[in-house]
Asker: 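Take a look at the following structure, please.
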Amino acid sequence: MVNTIYLDNSATTKPLKEVMQAFMTVNEQYYANPASIHAMGVESNDLLMRAREQVADILQTEAKNVLFTSGGTESNNAAIFGIAHSNTHIGKHILTTEIEHPSVLETVKQLEKEGYEVEYLHVNQDGVISLDDLRTKIRKDTILVSIMHVNNEMGAVQPIYEAAKIIHEMSRAFLHVDAVQSFGKLAVSFKGEEGPDCISISGHKIHGFKGSGVLAFRKKLKWQPYALGGGQEFGLRSGTVAVPQAVALAKAARLAVETMKDRATKYRQWQNEIRAQLEGYGEAVHILSTPQGAAHILSFSVRDLKGEVIINAMQKRGIIVSTSSACSSKQTKTSHVVEALHLDEHYKKGVIRISFGAHNTVEDIEQLKQVLAEVIMELKGEIM
């Protein structure tokens, strides 16, 4: 049987053993409702508050500004709807980028139907926005700017701190940062007055669990509750809080940050090795990810070949990678990110994403390089 090597960590990650153990311990021993006033409920609530404080410390904010959610999509939706609906007294103008995750793009499209005006920041061929474009498009009635830190499809890193400075100097708008692909891989926090106003995080991207996430704020914002009921999560998201998920996410977040530098160095070395190999194929392969992008993502495209063909050939040899993003990989149309990059038509259908995680080893990467060589050799008659 072929040993399977998983290299689709931008889609989801395998939980770490320490995270799973924390999750199981809380489920087994601290299962009481944290809103209950009896001793067991108080113990559960203490664990929940400790988890909240741990996340707050990492993000450089206060515990009261950390909201536990079901993941990145809910966090992005809550941030955008919450800020937009609470700040119509300032205006109804929103800025975002053309390469955001669907959980941002579909949300602002809904706001357009409600009468908001949405403008999009363009990206260059490296997938990076122009700060001059931001300066041109931001207005006095802009209430929200939503910019992802790291693009999930090709790893482009946006200048969020430079953008925050411009936004705060030129408007009263709030900056929301989708940090789902950057948290635990790049430094991201509120950094006092110069950073973002709110940040979205997803547990399953940092070797935690699916169904867990965070929406955190730099300071308390005017906000409309988006889930009504018993008033949990500071009245913003009612419903019994999933303490095991919160504790597991805080554990995953701490481990991710503690090991971030070492993993980044390792990922960069691996990316450079694979990049050098792919560059050897000349025009048969186009590399979308730049050396300035995130170290854990490497996207490339093979000329005139569909990504599925390459994925299936690699899977037969025990290597699991993906086409573009997991959220759009089952769709037949070209990714909106690929379209925004103005990629040559010959490369649009063949985009492959390799993404590293904490469980990957040097041996995995050596096997990957061997399989890449075999697959491209097998298919070379179609691409060369």
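Residue numbers run from 1 in the order of the sequence given.
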Asker: Is any side-chain heavy atom of Q125 less than 4.5 Å from a side-chain heavy atom of L343?
Answerer: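 Contact flag for Q125/L343 side chains = no.
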
Asker: Say you draw a straight line from CD1 of I143 to OH of Y116; how long is it, rounded to the nearest 0.5 Å?
Answerer: 5.5 Å

Asker: Is there a donor-acceptor pair closer than 3.5 Å between any side-chain N or O of R263 and the backbone N or O of A256?
Answerer: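 Flag set: sc R263 to bb A256 pair under 3.5 Å.
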
Asker: State whether E162 and K165 are salt-bridged, where the test is any N-O pair (Lys NZ or Arg NE/NH1/NH2 against Asp/Glu carboxylate O) under 4.0 Å.
Answerer: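 A salt bridge is absent here (no side-chain N lies under 4.0 Å from a carboxylate O).
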
Asker: Can you name the salt bridge (Lys or Arg N to Asp or Glu O under 4.0 Å) partners of E112, sequence neighbours left out?
Answerer: none

Asker: Tell me, do M148 and H101 make a side-chain contact under 4.5 Å, heavy atoms counted?
Answerer: yes

Asker: Considering the options N76, D178, T69, which one meets the side chain to side chain donor-acceptor pair (under 3.5 Å) requirement together with S200?
Answerer: N76

Asker: Does a side-chain N-to-carboxylate-O contact under 4.0 Å join R353 and D8?
Answerer: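 Yes, R353 and D8 are salt-bridged.
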
Asker: Counting the benzene-type ring for Trp, do H359 and H207 have ring centres under 6.0 Å apart?
Answerer: yes

Asker: How close do S182 and V188 get, counting heavy atoms only, and between which atoms?
Answerer: OG-CG1, 4.3 Å

Asker: Could you pull out the closest heavy-atom pair between M260 and G184, with the gap in Å?
Answerer: CG-O, 3.4 Å

Asker: For the side chain of D133 and the backbone of H122, is there at least one donor-acceptor N/O pair under 3.5 Å apart?
Answerer: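 Yes.
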
Asker: Compare every heavy atom of P15 with every heavy atom of G208, then report the nearest pair and how far apart it is.
Answerer: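 Between these two residues, the closest heavy atoms are O-CG, 3.5 Å.
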
Asker: Under 3.5 Å, is there a donor on one side chain and an acceptor on the other for Q60 and S189?
Answerer: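 Side-chain D/A pair, Q60 to S189: present.
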
Asker: Do any pairs count as a ring pair (Phe, Tyr, Trp, His ring centres under 6.0 Å) and have a residue in residues 14-44, sequence neighbours left out, and if so which ones?
Answerer: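 Counting only pairs at least two positions apart or across chains, the ring pair (Phe, Tyr, Trp, His ring centres under 6.0 Å) contacts touching residues 14-44 are F23-F209.
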
Asker: L144, V104: one ILVMFWY side-chain cluster at the under-4.5 Å cut-off?
Answerer: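 Hydrophobic grouping puts L144 with V104.
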
Asker: Would you check, one step at a time, whether the test side chain to side chain contact (heavy atoms under 4.5 Å, CB included) holds for K185 with I206?
Answerer: CA-CA 9 Å; K185 286 94 172 177; I206 55 170; 4.2 Å; yes

Asker: Please work out whether the ring planes of F356 and Y267 are parallel, tilted or perpendicular, with thresholds of 30° and 60°.
Answerer: tilted

Asker: Side chain to side chain contact (heavy atoms under 4.5 Å, CB included) for I99 and Q158? Distances and angles first, verdict last.
Answerer: CA-CA 11 Å; I99 63 168; Q158 303 301 340; 3.7 Å; yes

Asker: Heavy-atom count around K137 NZ within 6.0 Å, excluding the residue itself: above 12?
Answerer: yes

Asker: Would you list the pairs meeting ring pair (Phe, Tyr, Trp, His ring centres under 6.0 Å) in which at least one residue belongs to residues 53-81, sequence neighbours left out?
Answerer: F81-H85

Asker: Does K369 have more than 12 heavy atoms from other residues, nucleotides or ligands lying within 6.0 Å of its NZ?
Answerer: yes

Asker: Taking atom CE of M49 as the centre, report whether more than 12 heavy atoms of other residues, nucleotides or ligands fall under 6.0 Å from it.
Answerer: yes

Asker: Under 4.0 Å between a Lys/Arg side-chain N and an Asp/Glu carboxylate O for E378 and K316?
Answerer: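 No, this pair does not count.
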
Asker: Give me the ring orientation class for H149 and Y161: parallel if the planes are under 30° apart, tilted from 30 to 60°, perpendicular past 60°.
Answerer: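 Answer is perpendicular, since the angle exceeds 60°.
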
Asker: Ion pair present between E308 and K349, side-chain N to carboxylate O less than 4.0 angstrom?
Answerer: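 Looking at E308 and K349, the cut-off is not met.
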
Asker: Check this for me, if you would: do E117 and R139 make a salt bridge, where the nitrogen-to-carboxylate-oxygen distance has to be below 4.0 angstrom?
Answerer: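 Yes.
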
